[in-house]
Amino acid sequence: MLLSLPALHLQTSKHHPLFQLPHGRLGPWCSPTGSPAPLSCETGCGVGSWILVCWLLVPTQVSLLSMEEDIDTRKINNSFLRDHSYATEADIISTVEFNHTGELLATGDKGGRVVIFQREQESKNQVHRRGEYNVYSTFQSHEPEFDYLKSLEIEEKINKIRWLPQQNAAYFLLSTNDKTVKLWKVSERDKRPEGYNLKDEEGRLRDPATITTLRVPVLRPMDLMVEATPRRVFANAHTYHINSISVNSDYETYMSADDLRINLWNFEITNQSFNIVDIKPANMEELTEVITAAEFHPHHCNTFVYSSSKGTIRLCDMRASALCDRHTKFFEEPEDPSNRSFFSEIISSISDVKFSHSGRYIMTRDYLTVKVWDLNMENRPIETYQVHDYLRSKLCSLYENDCIFDKFECVWNGSDSVIMTGSYNNFFRMFDRNTKRDVTLEASRENSKPRAILKPRKVCVGGKRRKDEISVDSLDFSKKILHTAWHPSENIIAVAATNNLYIFQDKVN
C-alpha cells in the first residue's frame, strides 16, 4: 500500500563539536541517526518471503475532505491519483503506527494531518484481500503556529502517534508536533436523531408558543460517518522540541520527551505535568548530550528508558525518587579505539529505542547498527546487526549532505523474533534473531506489482557487479525509509517511503 503524507534541528557550524540552542531549537547534532542501507543476503532468508499487498496515495487535495462529503474517501486506493507530481512537502509521512489490534493503521505527515486506515474484512470470496487497508478517517491534527515571545515558528508536522487500548466502540490516539500533544477520539455514527420539539427539520429554533404537542425524538439510520474530535490538548510544557510520547501501562498517564526534559502527564489533567527527567545544565555552554527517544516499559508502569545523543541508554524507576536524575541502570558499549574517527560521536547517537513486547529486551538504532540489549546486562548489547556497514567509507559525503543526521526508527515483530529498520534507496532490512539470517527488501512501486513476491536486494562494494546487485555508488540517498510499523500479531508491515505508504505481508502458501 502506498500513501502520501508530509525534531530537533540543532543549528550549529558543521565543523564545531559543541551544541547550540538558538531559539530553543536543537539541530543535527542532537540526534544523528544512521540511515540503513541494504546488506547482501541469500534468497530464502529465514525471515521469509514478502509480497506487496497494496499501496495508498493520499494527496493534499483529497486528505482534507470531510467524511460527510459525497465523495467516499474510504475507497481511495492504489487506483487513485498515482502521479507523484501531486506530492508536496506537506505530504511526506512523518510517523506510522498500528493500533493494539492491528485493525487500524495511523499515519501522520508534515502537513499536520492524520490519516487512519482500516483493515478490509476477510471473506471466503476475497481471501486475496487479506492484509489490505483502506482509508477510514482523515483529519487535521495540528496547525502551524508562531511563538511571538521567542519569534519562533512552530511546525504542524506530526512527530509521533500513539494509540490507546480500545475500551469501547470509539478509538483514542495521541498525536504530537514539536510543542503540543493532543488526545483524539475517533468514533462512528450511523444514526441521527429526528423529531425535536424546539427545532424544525432544518435545525432552526421554533417559537415555543406555536408548539401544541410534544413528540418523542427517534433515531433514524444514516450513512456511516467517522468523526474525529479533540478531547484533550496538552500544551505549554516543553521549551524544546518533543521527540517522543509513550503511553504508560496503567493507561492513566503518558510521558512526553523533548531534547532536555521528560514530562509525565495524566490523561485527565491538561494544565499541568510532572517533570521526571531534566538534563539541562546550569550553563548551556556545558551541554554535551540531548535526549533522543524515550519509552515506558510495556508491563511495569514505574519503569521507562531514554536514549541520548552519546549512544547511551538509561533505565529509570519512578519509585526511587520524584525526579529521576539518577538512573537505575546505564547501558553503554565501550567504543573500539581502532574505529575511532571524526564521525564517531555522530554515528553513535541513538535515534530510536524500543522495548520488546516481553519487556525483557531493549532495541536501539544508531546510524550504522541495530542493537539488542538485555535488561540484566548493561556493559554491552547481546546482539548487534550491521544495517549498512558499507557506508563507513562514505561518511564524509553523508556528512556534507546532512544524511548522517537522518533519524531511522526500528520495530519488533509480534513475537520479538524479527526486527526491522529502514535504509536508503527505499530499502528496508529485516533480521531474524533465531536464525541470524537477514534480508534487504525494496519499497518501490516501480519494481513491485500487487501480490508479487519481493526479491531480496544486494549491494556490492567495488569489484564486479552481478546482474541483480546494485552498487553502493548508485544508492539514492534522497529515498530513505525512516518510519516503519509491524502488525502486533501478524506478519503485516507498513513502510513509509517519503510520500508513499506500502503495506506488505508474508507470503501465504
Side-chain angles (χ1 to χ4, degrees), residues 1 3 5 53-54 56 58 63 67 73-74 93-109 113-122 129-139 141 158-176 181-189 224 226-232 244-256 267 295-299 352 354-359 409-416 420 483-496 501-505:
M1 266 186 182
L3 166 110
L5 299 172
V53 178
C54 49
L56 291 178
V58 182
S63 61
M67 298 303 289
T73 55
R74 297 184 62 173
I93 300 172
S94 55
T95 184
V96 183
E97 188 78 8
F98 280 102
N99 74 339
H100 290 73
T101 63
E103 294 304 304
L104 297 181
L105 172 65
T107 59
D109 64 25
R113 299 183 300 271
V114 173
V115 180
I116 302 175
F117 301 94
Q118 185 180 49
R119 187 177 183 180
E120 284 291 317
Q121 295 299 318
E122 187 175 341
R129 294 178 73 88
R130 170 181 175 266
E132 194 166 311
Y133 287 75
N134 281 320
V135 175
Y136 177 68
S137 176
T138 304
F139 58 92
S141 175
I158 306 298
N159 292 338
K160 294 291 180 182
I161 291 175
R162 291 292 181 264
W163 290 91
L164 276 68
Q166 187 178 5
Q167 304 293 336
N168 49 42
Y171 302 96
F172 290 86
L173 61 85
L174 288 171
S175 64
T176 183
V181 183
K182 295 184 180 181
L183 175 66
W184 289 89
K185 176 185 178 181
V186 181
S187 56
E188 297 181 355
R189 186 149 62 94
L224 178 66
V226 181
E227 297 177 317
T229 54
R231 299 304 299 270
R232 303 281 190 277
S244 301
I245 52 176
S246 180
V247 179
N248 202 346
S249 58
D250 60 11
Y251 304 132
E252 294 182 359
T253 58
Y254 77 92
M255 69 177 175
S256 57
F267 280 110
E295 186 176 65
F296 269 119
H297 191 282
H299 309 303
D352 195 16
K354 294 281 176 63
F355 270 108
S356 63
H357 294 86
S358 66
E409 298 175 1
C410 53
V411 292
W412 301 87
N413 72 337
S415 61
D416 299 333
M420 176 175 62
H483 313 288
T484 59
W486 201 306
H487 191 286
S489 58
E490 299 183 36
N491 279 340
I492 297 175
I493 58 175
V495 177
L501 181 71
Y502 297 84
I503 303 294
F504 300 100
Q505 72 179 43

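Scope of the values below: all heavy atoms of this structure, side chains included, with no hydrogens, waters or symmetry mates.
Listed by chain and number, the residues in a side-chain hydrogen bond (donor to acceptor under 3.5 Å, both in side chains) with Ser141 are Ser175, Trp184 (sequence neighbours excluded). For Pro165, the side-chain contact (heavy atoms from CB on, under 4.5 Å) criterion is met by His100, Gln167, Tyr251, not counting sequence neighbours. Listed by chain and residue number, His297 satisfy the ring pair (Phe, Tyr, Trp, His ring centres under 6.0 Å) test with Phe355 (two or more places apart in sequence, or in another chain). With sequence neighbours excluded, the residues satisfying side-chain hydrogen bond (donor to acceptor under 3.5 Å, both in side chains) with Lys160 are Glu409. Ser356 pairs by the side-chain contact (heavy atoms from CB on, under 4.5 Å) definition with Ser358, Tyr361, Trp412, Asp416, not counting sequence neighbours. Residues that satisfy the side-chain hydrogen bond (donor to acceptor under 3.5 Å, both in side chains) test with Asn99, not counting sequence neighbours, are Thr101. A search for salt bridge (charged side-chain N to carboxylate O under 4.0 Å, His left out) contacts involving Glu97 returns Arg162, not counting sequence neighbours. Evaluation of the salt bridge (charged side-chain N to carboxylate O under 4.0 Å, His left out) rule for Lys354 yields Asp352 as partners, not counting sequence neighbours. Shown here are the side-chain hydrogen bond (donor to acceptor under 3.5 Å, both in side chains) partners of His299, two or more places apart in sequence or in another chain: there are none. Evaluation of the ring pair (Phe, Tyr, Trp, His ring centres under 6.0 Å) rule for Phe172 yields no partner, not counting sequence neighbours.
With rounding to the nearest 0.5 angstrom, the CD atom of Glu227 is 9.0 Å from the NZ atom of Lys185. The distance from atom CD of Gln505 to atom CG of Asn491, rounded to the nearest 0.5 Å, is 9.5 Å. How far CD of Glu132 is from CD of Glu120: 6.0 Å, rounded to the nearest 0.5 Å. Remark: Ser415 OG to Trp486 CH2 distance equals 8.0 Å, nearest 0.5 Å. Taken to the nearest 0.5 Å, the NE2 atom of His487 stands 9.5 Å off from the CG atom of Leu105. Distance check, rounded to the nearest 0.5 Å: CD1 of Ile503 to CD1 of Ile492 gives 8.0 Å.
Side-chain atoms of Arg113 do not come within 3.5 Å of backbone N or O of Thr138 as any donor-acceptor pair. Judged by distance alone, with hydrogens and angles left aside, the side-chain atoms of Thr176 form no donor-acceptor pair with the main-chain N or O of Asn159 at under 3.5 Å. Judged by distance alone, with hydrogens and angles left aside, the side-chain atoms of Ser187 form no donor-acceptor pair with the main-chain N or O of Ala170 at under 3.5 Å. Distance alone, capped at 3.5 Å, is enough to place a donor-acceptor pair between the Ser246 side chain and the Phe296 backbone.
With a 4.5 Å cut-off on side-chain heavy atoms, Val135 and Phe117 count as touching. Using a 4.5 Å heavy-atom threshold, the side chains of Glu490 and Arg119 count as touching.
In terms of heavy atoms, Ala496 sits closest to Ile93 at CB-CG2, 3.6 Å. In this structure, His357 and Asn413 approach most closely via the heavy-atom pair CE1-O, 3.1 Å.
There is a side-chain donor-acceptor pair under 3.5 Å between Glu188 and Tyr136.
For the side-chain contact (heavy atoms from CB on, under 4.5 Å) with Leu173, the qualifying choice from Leu183, Ile116, Leu164 is Ile116, the only one to do so.
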